[in-house]
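Working notes, structure below.
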Amino acid sequence: MTLEKLILQSAESGLKELYNFTPGRNQIQIQITRKDQEGDYTLVVFPLLRFSKKSAEETAKELGEYITGNVKSVKSFNVIKGFLNLEVSDDYWLQSLSLSYTDINFGIVPVDEKAKTVMVEYSSPNTNKPLHLGHIRNNLLGYSLSEILRANGNKLIKTNIVNDRGIHICKSMYAWQMWGNGKTPENSGMKGDHLVGEFYVEFDKHYKAEVAELVNKGFTKEEAESKAPSILAARELLLKWEANDTETVTLWKTMNNWVYKGFDITYNKLGVDFDKIYYESETYLIGKEEVLRGVSENIFYQKEDSSVWADLTNDGLDHKILLRSDGTSVYITQDIGTAKMRYDDFPIDKMIYVVGNEQNYHFQILSVLLDKLGYKWGRDLYHFSYGMVELPSGKMKSREGTVVDADDLIEEMIQIARDMSAELGKLESLSKEEAEDTFRMIAMGALKYYILKVDPRKNMMFNPAESIDFNGNTGPFIQYTHARINSVLRKASGNNIEIDNNLKVTSLSGKEKDILKRITLFPAIVKEAGDNYSPALIANYCYELVKEYNQFYHEHSILSEPNTDQRNFRLVLSATVARVVKTGMNLLGIEMPGRM
RNA sequence: GCCCCGGUAGCUCAGUUGGAUAGAGCAACUGCCUUCUAAGCAGUAGGUCAUGGGUUCGAAUCCCGUCCGGGGUACCA
């Protein structure tokens with residue numbers, strides 16, 4: 001049992017004994033004592049005054065005396081206003097350090113037979129364009145969220161739904177047919193996803209020009225948008241594709257394969273992976289079947305133009321189209337099919353969709369539709385809705401080419417890591433391969449931390465003109481501290497200094513105690529991050545921990561400490577910090593270089 | 001119009017079931033490397049927590065109004 005729980009229990013029995021009052025759940029607040037106050041845990045007595053019927057000071061004093069008398073590890077207390085600050089004995093902190101040092105999986109809940117199966121869908125790209133910064137946020141969040149949930153004892157299935165069919169890819173296909181001149185990744189040396197994306201932009205350019213021309217001829221904007229020759233041609237391709245037209249399907253396969261090769265490279269650089277990949281082309285027909293079953297069972301209705309709709313007005317929503325009048329399926333149609341297929345394939349206890357918050361309405365509807373179709377899990381789908389990445393110029397739009405390309409950004413980060421390392425005169429002792437691998441880890445560490453330290457629900461700003469930092473509250477700062485500790489530990493073992501888990505120390509400095517306290521918090525942080533689906537909590541914890549460690553490192557010497565017990569304690573402390581930070585950063589998908 | 005989300009230092013962000021004097025980093029300025037890695041440490045300066053009310057021992061946090069920004073809103077995904 002944690003000390004916090006022991007204190008809580010003691011406070012409960014104290015209240016009963018002193019004031020004959022039995023507190024309800026969450027009625028007693030125990031929190032970590034503020035840094036500027038003496039003590040380790042603080043009990044707020046204000047809410048208890050109406051039961052003690054005494055002043056805040058007096059109540060706090062009586063409770064403090066009771067708790068110090070009952071909980072061995074609490075050695076003393078002080079009262080300031082209505083705050084009862086409890087001071088914990090050094091022995092307790094040392095013991096918990098010893099335990100976390102010994103436990104290789106400290107902070108991680110093992111996955112056993114009783115574990116729940118959680119499926120996390122993330123990435124989910126369209127195959128008509130390369131990945132950009134928005135996708136990076138999605139991929140990093142999805143991967144990290146999965147790792148965090150696994151660390152909380154869940155069985156994880158990471159999945160990806162590739163939106164490989166639909167009007168968007170038909171646009172790129174049409175543009176390639178019209179203006180491609182047989183360009184391929186092979187004959188142009190271009191990455192496949194970038195090449196296909198180029199034609200998506202090309203399509204939009206022509207389309208916009210056509211619409212403008214039609215508007216000039218007197219059509220309304222809406223008419224023009226649905227009558228422009230390009231869009232008609234793209235729609236025709238979609239129809240041909242759904243009719244399994246050989247030429248169309250062949251082109252579709254070719255272009256998609258170009259894109260997949262490109263995606264694989266980007267995924268690899270991002271360090272993300274999937275246990276099961278679904279393709280919309282394989283799920284949309286199931287979605288269609290489900291929609292048609294819905295029509296025959298009068299769950300949905302069909303209009304005269306034969307488009308299919310759901311009436312969701314009873315759920316406080318609107319009417320929603322499920323099949324177009326030409327019979328082709330829309331975005332939500334395939335999501336219905338994909339969901340059904342997944343639940344058929346796996347024993348899913350919890351399904352999480354990592355998708356941007358612009359889709360909030362979509363997922364609300366998806367839930368209701370599946371529920372109406374009779375799937376009891378429909379209402380349980382969880383949309384992990386994260387905020388957009390904004391540029392100073394506003395929102396990123398692939399069509400308009402106003403995006404920060406994922407591959408470009410990664411390359412740029414690696415180059416900065418190289419330059420900075422050269423400037424600082426680091427890593428000169430490493431081989432070229434080792435150095436390059438370290439640059440990669442640092443660059444990705446900077447990028448990943450930058451994105452994951454922000455609350456996922458909020459929109460975030462990215463200014464390309466001010467490149468991502470490597471100093472301060474950053475990934476490299478944390479990696480650096482870790483590398484520094486490694487260096488000390490290397491030197492220790494080089495000098496044949498053995499690290500002993502049996503800690504014998506008489507006095508702890510304030511900094512040392514701060515670090516000890518922070519380390520013992522780690523399991524609770526992992527749990528909180530899992531409960532709240534928030535990688536940011538892990539990121540901020542790691543930062544706080546290494547910041548405290550750096551202060552300690554500056555104030556105390558480790559290897560040249562004459563008292564060997566003290567030296568041993570500091571080595572155990574350092575080694576534990578290194579491991580906790582590494583575990584935490586790995587939950588964010590960030591690798592930790594051995595030296596930097 | 002209607003619905004959802006947000007607004008904390010010049011900039012980027014923490015602050016999570018309401019708790020003590022609202023915190024970091026960047027940018028600016030000042031110190032600290034013959035001593036375990038200076039991608040570090042210490043310091044100065046920077047705030048009407050958008051705004052007006054309310055709830056209470058106590059509000060950046062909860063409720064209502066207003067302003068500003070973003071997103072969604074029936075044949076894009």
Side-chain angles (χ1 to χ4, degrees), chain A residues 26 29 31 33-37 42 44 46-47 49-50 56 80-83 85 124 126 128 163 166-169 171 225-226 231 280 303 305 307-310 312 316-326 328 330-332 334 356-362 364 385 387-388 390 394-395 399 417 420-421 423-424 426 442 446 450 453-455 457-463 466 469-481 483-492 528 531-532 534 536-537 539-540 543-544 547 550-551 553-561 570 574 595-596:
Chain A
N26 299 333
Q29 301 173 41
Q31 48 203 253
T33 305
R34 282 173 58 118
K35 270 259 174 73
D36 53 359
Q37 301 289 335
T42 295
V44 187
F46 290 112
L49 301 186
R50 52 200 181 100
I80 292 170
K81 294 189 229 170
F83 298 93
N85 299 319
S124 309
N126 290 347
N128 61 331
N163 300 301
I167 192 75
H168 51 92
I169 179 71
K171 289 177 181 175
E225 277 172 354
S226 59
I231 194 71
E280 185 182 334
K303 282 193 184 172
D305 65 3
S307 56
V308 174
W309 298 75
L312 306 175
L317 301 166
D318 233 317
H319 291 252
K320 175 73 188 171
I321 188 159
L322 302 177
L323 289 176
R324 293 192 188 93
S325 48
D326 64 6
T328 57
V330 294
Y331 181 41
I332 203 154
Q334 65 89 8
N357 63 12
E358 55 193 351
Q359 306 283 353
N360 287 355
Y361 189 63
H362 173 84
Q364 214 180 333
S385 164
M388 302 284 97
E390 290 168 357
K395 204 187 162 186
R399 248 173 298 176
M420 196 166 272
S421 191
E423 198 179 307
L424 294 168
K426 304 245 176 177
I442 295 170
Y450 179 85
K453 77 171 174 179
V454 181
D455 183 342
R457 292 178 295 258
K458 290 189 181 170
N459 288 359
M460 64 180 289
M461 173 63 72
F462 177 79
N463 188 345
E466 304 163 10
D469 258 303
F470 284 64
N471 298 315
N473 186 358
T474 65
F477 169 79
I478 297 168
Q479 290 171 321
Y480 173 72
T481 309
R484 219 184 198 184
I485 295 173
N486 272 359
S487 169
V488 173
L489 296 176
R490 270 197 303 272
K491 286 217 163 84
E528 204 183 340
D531 291 347
N532 294 300
S534 179
L537 293 176
N540 287 312
Y543 174 67
E544 298 289 339
K547 190 170 167 56
N550 276 327
Q551 292 164 353
Y553 182 90
H554 187 253
E555 285 172 23
H556 304 281
S557 51
I558 301 169
L559 294 174
S560 52
E561 165 62 43
R570 287 179 184 161
S574 301
R595 57 186 85 204
M596 62 187 278

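Below, chains carry the letters A, B, ... as their sequence lines are ordered, and counting in each starts from 1. Not measured: the values here are computed from a predicted model.
Rounded to the nearest 0.5 Å, atoms CD (A:Gln364) and CD (A:Gln359) are 12.5 Å apart. Taking CZ from A:Arg484 and CD from A:Gln479, the interatomic distance works out to 14.5 Å, rounded to the nearest 0.5 Å. Rounding to the nearest 0.5 angstrom, the gap separating the CG atom in A:Asn486 from the CE atom in A:Met596 is 11.5 Å. Distance check: A:Ile332 CD1 to A:Leu323 CG gives 11.5 Å after rounding to the nearest 0.5 Å. Taking NZ of A:Lys453 as the reference point, atom CE of A:Met460 lies at 8.0 Å (rounded to 0.5 Å).
With hydrogens and angles left out, the side chain of A:Thr42 and the base of B:rA20 share a donor-acceptor pair within 3.5 Å.
Nucleotide B:rG15 holds its C1' atom 14 Å from the NZ atom of A:Lys35, rounded to whole Å. In this entry the distance linking CD of A:Gln364 with P of B:rG71 reads 19 Å, nearest Å. A:Gln334 has its CD atom 16 Å from the C1' atom of B:rC75, to the nearest Å. Protein atom CD of A:Gln29 is 13 Å distant from nucleotide atom P of B:rU16, rounded to whole Å. Residue A:Leu323 contributes atom CG, which lies 14 Å from atom C1' of B:rA74 at whole-angstrom precision. Remark: C1' of B:rC5 and CE of A:Met460 are 17 Å apart, rounded to the nearest angstrom. Between A:Asp318 atom CG and B:rC4 atom P there is a gap of 14 Å when expressed in whole angstrom units. Atom pair A:Tyr450:OH and B:rA14:P shows a separation of 11 Å (rounding to whole Å applied).
Among the heavy atoms of the strands lying under 4.0 Å from A:Asp469 are primed sugar atoms or P, OP1, OP2 only; no base atom is included. Using a 4.0 Å heavy-atom distance criterion, A:Gln37 is classed as a base contact. When heavy atoms are screened at a 4.0 angstrom cut-off, A:Asn128 is found touching no nucleic acid atom at all. At the heavy-atom level, A:His319 lies under 4.0 Å from base atoms of the strands shown. Residue-level contact check: A:Val454 touches the backbone only, with heavy atoms under 4.0 Å from sugar-phosphate atoms and none from bases.
The P atoms of B:rU56 and B:rC63 are separated by 16 Å, rounded to the nearest whole Å. Here, B:rC4 and B:rU8 have their C1' atoms 22 Å apart, quoted to the whole Å. B:rC75 and B:rG69 are spaced 27 Å apart, taking the P atom of each and rounding to whole Å. B:rG25 and B:rA9 have their C1' atoms separated by 12 Å, given to the nearest Å. Across B:rC2 and B:rG18, the matching C1' atoms stand 32 Å from one another, rounded to whole Å. For the P atoms, the distance linking B:rA24 with B:rA14 amounts to 16 Å, nearest Å. The C1' atoms of B:rC13 and B:rG7 are separated by 13 Å, rounded to the nearest whole Å. Separating the C1' atom of B:rG58 from that of B:rC32 is a span of 42 Å, rounded to the nearest Å.
Of the nucleotides present, B:rC68 is the one that pairs with B:rG6 by Watson-Crick or G-U wobble criteria, both distances under 3.5 Å. Both distances falling under 3.5 Å, in either a Watson-Crick or a G-U wobble arrangement, occur for no nucleotide opposite B:rC75. Across all strands shown, B:rA20 remains unpaired; no Watson-Crick or G-U wobble contact has both distances below 3.5 Å. In this structure, B:rG43 forms a base pair with B:rC29, meeting either the Watson-Crick or the G-U wobble geometry with both donor-acceptor distances under 3.5 Å.
Aromatic stacking of A:Phe46 on B:rG19: satisfied, with centres closer than 5.5 Å and planes within an angle under 30 degrees.
Checked against the 6.0 Å centroid threshold, A:Tyr543 and A:Phe477 count as a close aromatic pair. Centroid-to-centroid, the aromatic rings of A:Phe470 and A:Tyr480 stay 6.0 Å apart or farther.
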Determine, stepwise, if the pair A:Arg324 / A:Asp326 fulfils salt bridge (charged side-chain N to carboxylate O under 4.0 Å, His left out).
-> CA-CA 5 Å; A:Arg324 293 192 188 93; A:Asp326 64 6; 5.1 Å; no
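For A:Asn85 and A:Arg34, the side-chain atoms include no donor-acceptor pair closer than 3.5 Å.
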Protein-nucleotides 68-70 of chain B N/O pairs closer than 3.5 Å?
none

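Minimum heavy-atom separation, A:Asn357 to A:Gly387: ND2-CA, 3.5 Å. Of all the heavy atoms in A:Gly356 and A:Ser385, the pair that sits closest is C-OG, 4.4 Å.
An anti base is found at B:rC68: its glycosidic angle is more than 90° from 0.
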Going 5' to 3' through nucleotides 31-43 of chain B and flagging B where a protein heavy-atom sits under 4.0 Å of the base, S where only the sugar-phosphate is that close, and - otherwise, we get -----BBSBSSS-
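Comparing atom distances between the A:Ile167 side chain and each of B:rG25, B:rU16, B:rC76 picks out B:rC76 as nearest. Side-chain atoms of A:Phe83 lie closest to B:rA20 of the nucleotides B:rA20, B:rA77, B:rU12. Closest to the side chain of A:Lys458, out of B:rG6, B:rA77, B:rG23, is B:rG6. Relative to the side chain of A:Asn126, the nucleotides B:rA77, B:rC11, B:rC57 differ in distance, and B:rA77 lies closest.
Under the side-chain contact (heavy atoms from CB on, under 4.5 Å) criterion, A:Ile321 pairs with A:Ser307, A:Trp309, sequence neighbours left out.
Residues A:Tyr543 and A:Gln31 both approach RNA chain B. Their nearest nucleotides, taken by heavy-atom distance, put A:Gln31 toward the 5′ side.
Using a 4.0 Å cut-off, no side-chain N or O of A:Lys453 falls inside it from OP1 or OP2 of B:rG15.
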